[in-house]
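Before any comments, here is the structure.
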Amino acid sequence: MGQALKYMDDQEYNAQRDELISRFRKSLSQPLAERYFGEDELISVFDYATDLNDDYLRIEVLLCGARFYPESEELNQRRGIFYDTLSDTARDSFIEDNASQEGMIWDIMRLRHNPPSDDKAEESLDYLLSCYDTLSDEDMIQLAQLTDTLGQYAWLKKSEPVLRKKVEFLPVALYELGVAADRNDDAEFGIRVSEELTRIEPFCAIYWQLLARHYSVAGDDDKADQAVEYAIAINPDDAQAYFVKASCDLQAERPIEQIIPTAEKALALAPDNSEPYRFVASLHRHAGNRHRAQQVLREALTRFPEEALSFIPDIVMDADDADNSIDEILDQFYRLQVDNSEAIWVSWVHFLSSMGMAGKAQKVVDCYYRNSGLRLPATVTAESYFVNGRYAECIDQLYDMFSESEIPMSDRPALSVMLLVALCKNGETDRARQLVKHYLDTVSISSFPTVASRLQYIGSLHVFRQVSDMLDSHASRRTWRDFNPLFL
């Protein structure tokens, strides 16, 4: 059935679906041979599990289907759909091993396997549609997803009259058209098909939710409110309805404090769905409630460890610098990350630093070293140490880079200033004097070929002369502690 609901209102459909899913989950503790479900029931469970991105449930459905209905064409197609979401390699192997299979879903998977060029995409889709007189619900759903993959929303919209004639159940086509319009911010078209949906099935809450989103994008906040309130009235326990309401309120630029309770309601009703956690945490973050944002994200990390890579960066952002548990969470991120290339961690350090989160940037630097045994580039680590007041480590990094006796200052005026200030703040005034003398004696503006590099030199010269005067006047340790020529 996909996401469209057929021949029943939301509450009846949800009750039957939940009862089926509950029976199937309970059966998973039994031997495979003792799990008795009809072919249509297995297809329904699979489609619902696809909506939830629950691969475990989908695999168990396919195992049952292979045992009890080995000749089922629809379940075999679901195998292809599963492999398609698993990886391109798995899908391509499955397509090659089933080259003789016929049907629209097979043809769709072949187009995913071997997509047409942009200039041939419309022609390929026209031909595909012309080959079939009728489209099942799943045919329509997969066709809409294919057009999204190919970037052919315009073709899908243009094909509306033909699709209306060929689909077995019109609301499925209208719903998929409405969802595609939502993805492409086409509110005018989306409102038209969604309004038709609500006339055909006035007690289907997801159709009213879709209509509300389109009204919201169109800027018609009053109609968006009416649509989403109707959806809630149909099914007051539907988490998605509250999620849509909160999204519409956000689009209407209503106060965050007014939106948060609605979003929290969505979270309470659907604790097994990861998306509301992100939304609720972002609202609390914008409202300045970092502690609650942390709570929400850490609960999500516990519930959805497989999605840790998407939660951990936000957890780090919201944490206090003194929170030592962040080190453990960062280590977890490192272990889970497939690509731990230096560039990824450097970009993270730069991002946190640009947000004024120097303490968190330092934790990322330390995590990379702790887990890889390697230092990030000296320019990155030295700056992080400097900003966080770890001057001895900053000095070591820069001297490792330059070498103590022969510093190529003409190439690095900014780093030379950083080294000089770090030496002074760390109480190493003798080395600071040597550095000042070397810099003022050997470096001149002619060493710098570009305007940008000359501006850096002029700035560095100002700091070096200022430090030289302070050294000559024997500035106190307290004076050096307060010295802040870089205004950090």
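- Counting heavy atoms from C-beta outward, R17 and V45 have side chains that stay 4.5 Å or more apart.
- Between the side chains of R112 and Q142, a donor-acceptor pair is found at a separation under 3.5 Å.
- Nearest heavy atoms, A121 versus Q152: CB-NE2, 3.5 Å.
- One distance of note links CD of Q337 with CG of L309; it measures 5.5 Å at 0.5 Å rounding.
- Residues passing the ring pair (Phe, Tyr, Trp, His ring centres under 6.0 Å) test with F386 are Y391, sequence neighbours excluded.
- In this model, a donor atom of one side chain and an acceptor atom of the other lie less than 3.5 Å apart for N340 and W345.
- Defined by atom type and a distance below 3.5 Å, a donor-acceptor pair is missing between the side-chain atoms of Y48 and D54.
- Annotation: cation-pi geometry satisfied between R278 and F311 (NZ/CZ under 6.0 angstrom from ring centroid, within 45° of ring axis).
- A donor-acceptor pair shorter than 3.5 Å cannot be found between the side chains of N273 and Q240.
- From W155, atom CH2 reaches atom OG of S124 across 10.5 Å, with rounding to the nearest 0.5 Å.
- For R454 and F448, the positive end is not near the middle of the six-membered ring at less than 6.0 Å and at most 45° from its axis.
- In the model, R303 has a side-chain atom that pairs as donor or acceptor with a side-chain atom of Y277 under 3.5 Å.
- Donor-acceptor pairing under 3.5 Å is lacking for the side chains of R254 and Q258.
- Heavy-atom minimum distance, A266 versus F243: CB-N, 3.7 Å.
- Here the side chains of Y368 and V364 are not in contact, with every heavy-atom distance at 4.5 Å or above.
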Please step through side chain to side chain contact (heavy atoms under 4.5 Å, CB included) for the pair Y457 and S447, ending with a clear verdict. CA-CA 9 Å; Y457 167 72; S447 305; over 6 Å; no
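- Minimum interatomic distance between R91 and M109 (heavy atoms only, all atoms of both residues): CD-O, 4.3 Å.
- In this structure, R481 contributes its side chain and K425 its backbone to no donor-acceptor pair below 3.5 Å.
- With values rounded to the nearest 0.5 angstrom, M317 atom CE is found 4.5 Å from M355 atom CE.
- For N426 and E428, the side-chain atoms include at least one donor-acceptor pair closer than 3.5 Å.
- In this model, a donor atom of one side chain and an acceptor atom of the other lie less than 3.5 Å apart for S476 and T479.
- Looking only at side-chain heavy atoms (C-beta outward), L297 and R285 come within less than 4.5 Å of each other.
- A salt bridge does not link E60 to R25: none of the charged nitrogens lies less than 4.0 Å from a carboxylate oxygen.
- The backbone N or O of S72 lies less than 3.5 Å from no partner atom in the side chain of N76, so there is not a single donor-acceptor pair.
- S384 and R390 share no donor-acceptor pair across their side chains, judged by distance under 3.5 Å alone.
- Checking S372 against Y334 by side-chain atom types alone, no donor-acceptor pair falls below 3.5 Å.
- Between E264 and the choices L283, V280, L269, the side-chain contact (heavy atoms from CB on, under 4.5 Å) rule is met once, by V280.
- When only modelled atom types and interatomic distance are considered, T85 and R58 share a side-chain donor-acceptor pair under 3.5 Å.
- H286 places a side-chain N or O within donor-acceptor distance of the main-chain N or O of S282, the cut-off being under 3.5 Å.
- Panel note: side chain S453, backbone T450; a donor-acceptor pair is recorded below 3.5 Å.
- Between the side chains of Q362 and D366, a donor-acceptor pair is found at a separation under 3.5 Å.
- Of all heavy-atom pairs between I232 and K245, the closest is CD1-CD, 3.9 Å.
- Here the side chains of L435 and Y439 are not in contact, with every heavy-atom distance at 4.5 Å or above.
- Pairing each heavy atom of Q397 with each of L376, the nearest pair is OE1-O, 4.4 Å.
- Between R79 and L62 the shortest heavy-atom distance is CG-CD2, 3.6 Å.
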